[in-house]
Amino acid sequence: GCEATRRIRAAGGPQPWIAALTANALPADRLRATAAGMNDFIAKPIRLADLAGAIARARAGLHGRPGVAELAALLLPQAQSVPSVFTATV
């Protein structure tokens, strides 16, 4: 996860919202994920409230960001339309 995130961030262009989902829940793990460029951190076992909060933060963080809809279309080419998580108004 951290190495992939560093490479994605270094590549430039439209940037996805990246959240760590990990069983490593120590403060040092959170710092490592943040230092790699991740936008959020969710520790396992996952709670519905934590997941809902992460999705809300991603929606708020991506809202209005240039290239997000295009990035979603590249990642989800089989979709008929861009999922509402990428286009919903916050």
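Remember, predicted model here, so these are calculated numbers, not experimental data.
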Practice item. Enumerate the residue pairs fulfilling salt bridge (charged side-chain N to carboxylate O under 4.0 Å, His left out) with a member in residues 13-23, sequence neighbours excluded, ordered by first and then second residue. Key: none

Please tabulate, for the side chains in residues 19-30, all donor-acceptor contacts under 3.5 angstrom to protein atoms that are two or more places apart in sequence or on a different chain.
| from | atom 1 | to | atom 2 | distance (Å) |
| --- | --- | --- | --- | --- |
| Thr22 | OG1 | Asn24 | N | 3.0 |
| Asp29 | OD1 | Arg32 | NH2 | 2.5 |
| Asp29 | OD2 | Leu26 | N | 3.0 |

Taking only distance into account, with no hydrogens and no angle test, what donor-acceptor pairs under 3.5 Å do side-chain atoms of residues 45-58 form with protein atoms, sequence neighbours excluded?
| from | atom 1 | to | atom 2 | distance (Å) |
| --- | --- | --- | --- | --- |
| Arg47 | NE | Asp50 | OD2 | 3.4 |
| Arg47 | NH2 | Asp50 | OD1 | 3.2 |
| Arg57 | NE | Asp40 | OD2 | 2.7 |
| Arg57 | NH1 | Gly53 | O | 3.3 |
| Arg57 | NH2 | Asp40 | OD1 | 3.2 |
| Arg57 | NH2 | Asp40 | OD2 | 3.0 |

Review point. Taking the hydrophobic residues Ile, Leu, Val, Met, Phe, Trp and Tyr, and joining any pair whose side-chain heavy atoms are under 4.5 Å apart, which ones share a cluster with Ile8?
Key: Ile18, Met38

Exercise for review: Could I get the full list of side chain to side chain contact (heavy atoms under 4.5 Å, CB included) partners for Arg6, not counting sequence neighbours?
Suggested key: Cys2, Glu3, Ala36

Study note, to complete from the structure: Shortest non-hydrogen pair, Phe41 vs Ala33, comes out as CD1-CB, 3.9 Å

